[in-house]
Amino acid sequence: MSVRRAAAALTAAAAVLSTAATGTASAAPSPSASAAALPPGLYGTGDPTYDGVWRQSLAFLAQRATGYQPADSAVDWLLGQQCADGSFASYRPDPAKPCDGTTLRDSNATAVAVQALGAVRREAADPAKIDAAVKGGLGWLRGVQNKDGGWSYTPGGPSDANSTSIVVSAVAASNTKPGSFTSAEGRTPYDALLALALPCTDEEGPGAFAYQPDKDGKLAANADATAAAVLAGLGKGITAVKAGPAQAPTCTDLDKPTVERAALNGASYLAKALVKNGHLSTPPMPGAADTAEQPDFGNTADAVVALAAAGTSRLAEPSLQWLEQNAEPWARKTGPAAYAQLILAARAMEADPRDFGKKTDLVERLNATGPAPKTPDTSAASTDDEEEPFLGFDLWWIIGIGMVAGVGIGFLVSGRKK
C-alpha cells in the first residue's frame, strides 16, 4: 500500500476514535485478516486494511491498459467490497457483514473502484452487475459532495485537492461533465480546485496546488496534490498518454482564473520540482531516525503522467529514466499498486512497460501478484488518449496519483504497501 494513503486512512480512523469518545461517532474499523488468510481474488500479499480496494483497482486499470482482463474472481472480490449505499471503504474484511456506522467509507476508494469496474465491464461475466455498482458509487459520491464543490477523504471533512481530483475522474468517466456536477450551493469541483491553486507570484510554490489550507487558511505547495489536480484540470487521468502539440510549461495568472490554466501552471511547478534530482522527495516522518528526505517513487510516477498529459513530456523524460533505473526494488517490495503506477507512467511516455529499464517486465510482475488474468486482448490495449467507452465511460480516467495526503502531513508518502 502507499504509506501516504495509509496516513490518510489512519487519520480518518483516529478522527473516528476521537469523536467516539464523545459519543458522536463509532469505533475505528476492525483489523484485517493476516496475509496468510487474505481473501481469494485480492491482488498483493500485504495487509489490505488501508488499501485493499485501491490496489485492486489500480491493478485493474493497468491490466486493461496493457490488454489483460482481470480474472472473474478478482472482479467479484472488488464488487463484494461495495456497501449497499454504493460506497466503498478501503477494505472490508467481512463483506457479508453489512456496512454500518463503523464502516469508514472512503471517497477515494469509491471513485477508483467505479473507474476500475467500468474498465473491466466489457469482458466481465456479469456486465449488468457492474453497471449497478458503478451507478451506486456515483450516486454516493454525489451525495457527499461538499458545499464548496469538492470532496474530502471521508464524508464531512474539508475538501482536499487529491480527493476532489479523483472524484472528478469518476464523474468524467461516467460521461458527465465535471463542471455540471454541482453542490446544493451551485459550486463545482473546479471551484474547489481553483480555491487550492497557488498564484504564480507565490515565492515557494508558484503555480502549485495545496492539499488543503492550513489552520490559518494559508496554502502550501504540495507536489502530490499538484499532480492530481493537473490531470483533473486537463480532463485526464493517470492512464493518459502524451498530449500534443508539445509546449513549454509556463505559469500565467489570469484575471479570471480557469481550471485549465491552473492545471498548466501546476505542470510548470512540477517540471521545476523534478529538475533538481529527476525525482520528487518526501520529508521524513515525524520522529523518524533518518531525518533526510527520501525519494518518492509513486509521486514521481504520477508527476511523469501529469507532465505527459500537459504536453510537456520532454521535461518528464529524465524522471522516467530515473524510475527505470531505481524504482524496481520499490515496486517489488510494495506490490501491485506500485507496479501499476510504473506501468501507467511508462505508457504515458510511450515507453514499453514490458521492458522497463531494459530489464523488467512490469506487466508480468503485476499479473503475478494476484489471480492469473485472462488471455491478453490486444484489441483492448489502447495507445490513444482514451479507452473504449463503457456506457459513456472514458476508461483512462483515474487518478492513482490521487493517493491522498493525511491531514497535517502534506506530502503523502509513496512507500506503498499496495
Do Tyr153 and Asp106 come close enough that some side-chain heavy atom pair is under 4.5 Å?
-> yes
side-chain contact (heavy atoms from CB on, under 4.5 Å) between Leu307 and Leu274, intermediate numbers included = CA-CA 11 Å; Leu307 289 178; Leu274 289 169; 3.6 Å; yes
side-chain contact (heavy atoms from CB on, under 4.5 Å) evaluation trace for Ser183 with Asn146 | CA-CA 7 Å; Ser183 68; Asn146 285 337; over 6 Å; no
Donor-acceptor under 3.5 Å (Ser152 side chain, Thr154 main chain) = yes
Rounded to the nearest 0.5 Å, the CG atom of Leu79 sits from the CG atom of Asp126 at a distance of 8.0 Å
Residue pair Leu42 / Arg55, side-chain heavy-atom distance below 4.5 Å | yes
Check for a donor-acceptor pair, side chain of Arg92 on one end and backbone N or O of Gln82 on the other, with a separation under 3.5 Å.
-> yes
Measure the CZ-OG1 distance between Arg332 and Thr360 for me, rounded to the nearest 0.5 Å.
-> 8.5 Å
Gly41 backbone acceptor or donor facing Gln56 side chain under 3.5 Å = yes
Looking only at heavy atoms, which two atoms of Phe209 and Ala262 are closest? And how far apart?
-> CE1-O, 3.5 Å
When you measure from the side chain of Arg347 to the backbone N and O of Ala351, does any donor-acceptor pair fall under 3.5 Å?
-> no
Looking at Leu117 and Phe88, what are the two nearest heavy atoms and their distance?
-> CD1-CZ, 4.2 Å
How about Asp51 and Tyr91: does a side-chain donor come under 3.5 Å of a side-chain acceptor?
-> no
Leu58 and Pro336, any side-chain heavy atoms less than 4.5 Å apart | no
Would you check if Tyr339 and Glu328 make a side-chain contact, meaning some heavy-atom pair closer than 4.5 Å?
-> yes
So, do Ile130 and Val120 sit near enough that their side-chain heavy atoms are less than 4.5 Å apart?
-> yes
To the nearest 0.5 Å, atom OG of Ser313 lies from atom CG of Leu320 at 10.5 Å
Ignoring hydrogens and angles, tell me if any N or O in the side chain of Thr369 forms a donor-acceptor pair with the backbone of Leu366 under 3.5 Å.
-> yes
CA sep, side-chain torsions, deciding dist, call: Val305, Gln341, side-chain contact (heavy atoms from CB on, under 4.5 Å) | CA-CA 9 Å; Val305 178; Gln341 279 188 288; over 6 Å; no
Shortest non-hydrogen contact from Ala71 toward Ala372 = CB-O, 3.4 Å
Chi angles and distances behind the side-chain contact (heavy atoms from CB on, under 4.5 Å) call for Arg122, Gln69 | CA-CA 9 Å; Arg122 188 179 70 174; Gln69 170 72 7; over 6 Å; no
Non-hydrogen side-chain atoms of Val168 and Tyr190 separated by less than 4.5 Å = yes
Between CG on residue Asn277 and CH2 on residue Trp322, distance to nearest 0.5 Å = 9.0 Å
Does Arg64 use its side chain to pair, donor to acceptor, with the backbone of Ala119 at less than 3.5 Å?
-> yes
Heavy-atom pair with the smallest gap, counting every atom of Pro206 and Cys200 | CB-O, 3.3 Å
When rounded to the nearest 0.5 angstrom, what distance separates CG in Leu194 from CZ in Arg187?
-> 11.0 Å
Is any side-chain heavy atom of Leu198 closer than 4.5 Å to a side-chain heavy atom of Asn265?
-> no
Taking only Lys NZ, Arg NE, NH1 and NH2, and the carboxylate oxygens of Asp or Glu, determine whether Asp214 and Lys218 approach each other closer than 4.0 Å.
-> no
Decide if atom CZ of Arg142 counts as having more than 12 heavy atoms of other residues, nucleotides or ligands within a radius under 6.0 Å.
-> yes
Main-chain N/O of Cys83 paired to Ser87 side chain as donor or acceptor, under 3.5 Å | no
In Å, rounded to the nearest 0.5 Å, how long is the span from OH of Tyr43 to CD of Gln63?
-> 3.5 Å
Could you check if a side-chain atom of Leu264 sits within less than 4.5 angstrom of a side-chain atom of Gln247, using non-hydrogen atoms only?
-> yes
With no hydrogens and no angle check, is any side-chain donor or acceptor of Glu364 less than 3.5 Å from a backbone partner on Arg354?
-> no
Asp355 side chain to Lys359 main-chain N or O, any donor-acceptor pair under 3.5 Å?
-> yes
What are the two closest heavy atoms between Ala74 and Pro371, and how far apart are they?
-> CB-CG, 3.9 Å
Work out which heavy atom in Pro373 is nearest to a heavy atom in Tyr68; give both atom names and the distance.
-> CG-CD2, 3.5 Å
Donor-acceptor under 3.5 Å (Trp151 side chain, Leu141 main chain) = yes
Asn162/Asn108 under side-chain hydrogen bond (donor to acceptor under 3.5 Å, both in side chains): CA gap, chis, key distance, verdict | CA-CA 8 Å; Asn162 300 67; Asn108 293 235; over 6 Å; no
